[in-house]
Amino acid sequence: MPKNEVVLRVGGAAGDGIASTGESFAKICSRSGLHLLAYNSYQSVIRGGFIYLQLRAGREKIYSHGNKVDFLIALNPLEFQRNIVDVVPGGAVLYNSDKIKPDSDTIPKDVILCPLPVNEILKDIGRNPILQNTVALSSLVQLLNLDVDVMNGVIRDYFGKKKQSVMDINLKVIEAGYDYAKSNLPDFDFDLNPDYNIKRPVLTGNQALGFGSIIAGCKFYCAYPMTPASSILHYLIAQSKKSGMVVKQAEDEISVINMAIGSSFAGVRSMVGTSGGGFALMTEAIGLAGQTETPIVVINSMRGGPSTGLPTKTEQGDLFQAIGASQGDFPKVIIAPSTIEDCYYSIIESFNLADQFQIPVMVLSDLFLSEHMESIVDLDFNSTIERGEIVTSNDSDKLYKRFKYTDNGVSPRAFPGTSNTVFQASSDEHDDYGNIISDVFTDSETRIKIMLKRMRKMKFIEEQLPPVKLEGPVDADLTIVSWGSTYNVVHEAIQILQNNSKSVNHLHIKYLVPLQKGIKEILSKSKDTLIVEANYSGQLSKLISMETGFQINHTLFKYDGEPFYPEQIIDKVEDLI
Amino acid sequence: MVVEPIKIEEYKSEITPTWCPGCGDFAVLRGIHTALARLKIKSENVVISSGIGCSSNLPGFVNAYGFHGLHGRSLPIANGIKLANTDLTVIATGGDGDGYGIGLGHFIHSMRRNIDITYIVMNNQIYGLTTGQASPTSERGMLTKSTPSGLLEVPVNPIALALISGATYVSRGFSGNADHLSSTIENALSHKGFSLVDVLSPCVTYNKIQTYQWFRDRVYTLEDEEHDTNDLKQAISKSYEWESKIPIGVFYKADKPTYDGDEPALQDGPLVNQPLDTGKNIAKQLLDEFT
């Protein structure tokens, strides 16, 4: 039976054009109606290093980038050697045979070599070294029986904005590579079952976060460059003419979040994005947003810590940092989106929660979720924008109480410029007018009243958020608990386990603060429990124990910086049941 | 239509300042009240941000919107407010520790932006609210609670910093000359672009060296001299005068492009007035870009 899924790895050094090769192949797949998921493993270098992009594609929804690869495109001799061990039996390596001379002793017997004599193939076309990538890609398109015209279209769109002559050369290279593969390379038994009438959008998590913020009516995004959050900045600035968003790179993350709080105070939906180190600088101002009841959405795309840590690697290590961000107690929400689609919806929801409850909302993504590309089916554009209670005028002769004591703790907001609503927002403790109580007299009664008013919001937030849902059979032998970006890989592992007659269900937690309802009720009925987290100490596991008293039995923690593979979860489960 | 003059009293809030009797900050407060009244800016169109410190309590004493934020972060808040609503008159306030110490980075970068806000620094060369430690503008050798053997650092020169960082209205006031201070603030508020008013605002409790008398013996007004406010080099040279003669008034003034004036996304008017559904209207187009 032909294979209906393919895993491609492009291995090389930074500067070899891996990302653009991967992006082109992703578009070829998505325009062939295929689903895909791609992960870029890279280093904090601009040239050199060891990087690869791995892409898995097929007609059905793809949940991980896979482990072993069917095709390896090796861009230099070192990567040829390093990656060949991950090629499946019967899989192949495509490489420029002018540059790479394989040592036959080190090549696994069942791996098929597909040398591409690039100079010979391109002898009438051009000699730019980056063209070897296009030769390899068009050869692969032929080996996978995909329509070469789709690749031509992708390249036309890519170079359309650049020079016509460059595009013409690339189109010739595609033809030459494709023809060479057809006449010279062996046949592979793949049928990806493409449907050229379907074009699937392919987004990274950061693009989905940015896209969601545009749909949510965010008009101010502020950031300081930091991997892996920078591509939110890049996406939003590229769209700013159309979206009407002010996108500001500020001098540091302290300025970033304070500017956004200023902008939000003045009435504009505002968001910031960073990673753990930048988030650490923002923490004091997260408390400021809580204290002044100024809505703000803060994205922390987590990378390996502590300190500079693993700048280009993934981790879920900032949950406690987010929970503990800033001194004192104040109402807040922490959301961890699970998938690309969920990034989009979570941002829209975050803006609504921030505005309705006048609180900081923290969104925890991670490098894997933020930067990997994935095909999606569709997105709903009909979400509503809930700005909460806003005072548009005050005709009464009474002074406006910005922080009026209310049953749900939310006091109607007025933006500067609204008649008769002058007030002060203060980081100092204050009364319901906003007047600071340390300047009147230290007033414990008012302090308690205003503290209770703010904290009352938490109860109403909790009621508004949906409870957790258990996926899979209720009476399974094991419940796997996860959060954030591991949803997909756990989901795939459970599917494989079920096919192997293992009964496992899945409890994925999206809302960390307030901790989603229903966790203890479900876990206390589970036969056995395992938590999967990409961190050293099991931060969610500890949080669940702290909030519910429930101790999860088994743990699978990973902190090597690479995302989970389904096999790692499967192996762990097979040890347990 | 005759516009009724707005009285200074209308800009006073109901809260009595908690500053020490004789504090230089009273003159700054009076200067802000006066300047706003003279310029007839409605209270509801004024926002004053501040950081933390004695002087940062100022927004509470003005009948205008106030944002009393974090220590050193008065300027980023003001930047954000101005970008969100360019119709507002935005004033950032604070002390020397707040603006030239912990917030120094924001000071320089806000000036590079030439964003249309007015920054009034009540500079008393000491930390007052924390009871008398050295500040970034304290003189070298000064004995304070944190420098019992004498301060080993030279002071920041805020005027010189402003001049080389892109501020387009650079001035100094003195709390002992209230009329001059009021008009300096008034002119700063009228200026399009980043305006600095560094105010020599004596701390009567913790700074026993730079007293009113110490300043009175030294200050002179630039307006009384033949100082050319268009001449950056002359302004820089004046900014180094300190020991025996201290200039107050406008060092430099220039009409230059502002950040808020040139930001592409602000060309349709204040951000806060823009429709929220812009994104929804282009959603399909944006999603198609991903295929």
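Predicted, not measured: the structure shown is a model, and the values here were computed from it. Any value given below was found using the heavy atoms of this structure, including those in side chains, with hydrogens, waters and symmetry copies removed. Reminder, nothing fancy here: chain letters follow the sequence lines and each chain counts from 1.
- For the residue pair A:Pro416 and B:Leu88, the shortest heavy atom distance occurs at CB-CD1, 3.8 Å.
- Of all heavy-atom pairs between A:Asn258 and B:Pro76, the closest is CB-CB, 3.5 Å.
- Heavy-atom minimum distance, A:Ile385 versus B:Leu276: CD1-O, 3.7 Å.
- A:Phe351 does not touch chain B: none of its heavy atoms, backbone or side chain, sits under 4.5 Å away.
- If you measure heavy-atom distances from A:Arg402 to chain B, you find no contacts under 4.5 Å at all.
- When each of A:Leu399, A:Ile214, A:Leu379, A:Ile254 is scored by its heavy-atom pairs under 4.5 Å with chain B, the top score falls to A:Ile254.
- For A:Lys242, the parts lying near chain B are the backbone and the side chain together; criterion is any non-hydrogen pair under 4.5 Å.
- Contact of A:Thr418 with chain B is made through backbone and side chain together, with heavy-atom distances under 4.5 Å.
- Heavy-atom distances place the side chain of B:Val47, and not its backbone, under 4.5 Å from chain A.
- Formation of a donor-acceptor pair under 3.5 Å by the A:Arg31 side chain with backbone atoms of B:Thr291 is found in this model.
- Interface remark: B:Arg113 contributes side-chain atoms only to the contact with chain A (heavy atom separation under 4.5 Å).
- With a threshold of 4.5 angstrom between heavy atoms, A:Phe211 approaches chain B through side-chain atoms but not through N, CA, C or O.
- The part of A:Gln239 that comes within reach of chain B is its side chain, from C-beta onward, which places non-hydrogen atoms under 4.5 angstrom from that chain.
- With hydrogens and angles disregarded, no donor-acceptor distance shorter than 3.5 Å links the side chain of B:Lys42 to the backbone of A:Gly417.
- Looking at every heavy atom in both residues, A:Lys248 comes nearest to B:Tyr259 through CD-OH, 3.0 Å.
- Without hydrogens or angle criteria, A:Ser427 side chain to B:His68 main chain gives a donor-acceptor distance under 3.5 Å.
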Discussion item. The test is side-chain hydrogen bond (donor to acceptor under 3.5 Å, both in side chains); show your working for A:Ser263 and B:Lys82 and say whether it passes.
Written reply: CA-CA 8 Å; A:Ser263 153; B:Lys82 189 67 187 184; over 6 Å; no
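- Residue B:Pro17 does not touch chain A at all, counting heavy-atom pairs closer than 4.5 Å.
- A:Val422 approaches B:Glu44 most closely through the heavy-atom pair CG2-CA, 4.1 Å.
- The candidate from A:Ser255, A:Ala266, A:Gly217 with the greatest count of non-hydrogen atom pairs under 4.5 Å with chain B is A:Ser255.
- Within the 4.5 angstrom heavy-atom criterion, atoms from both the backbone and the side chain of B:Glu289 approach chain A.
- Under the rule for a side-chain hydrogen bond (donor to acceptor under 3.5 Å, both in side chains), the partners of A:Thr421 that lie at least two apart in sequence or sit in another chain are B:Tyr65.
- Heavy atoms of B:Ile282 lying under 4.5 Å from chain A belong exclusively to its side chain.
- Looking at B:Pro264, neither its backbone nor its side chain comes within 4.5 Å of chain A, counting heavy atoms on both sides.
- At a 4.5 Å heavy-atom cutoff, B:Leu75 makes no contact with chain A through either its backbone or its side chain.
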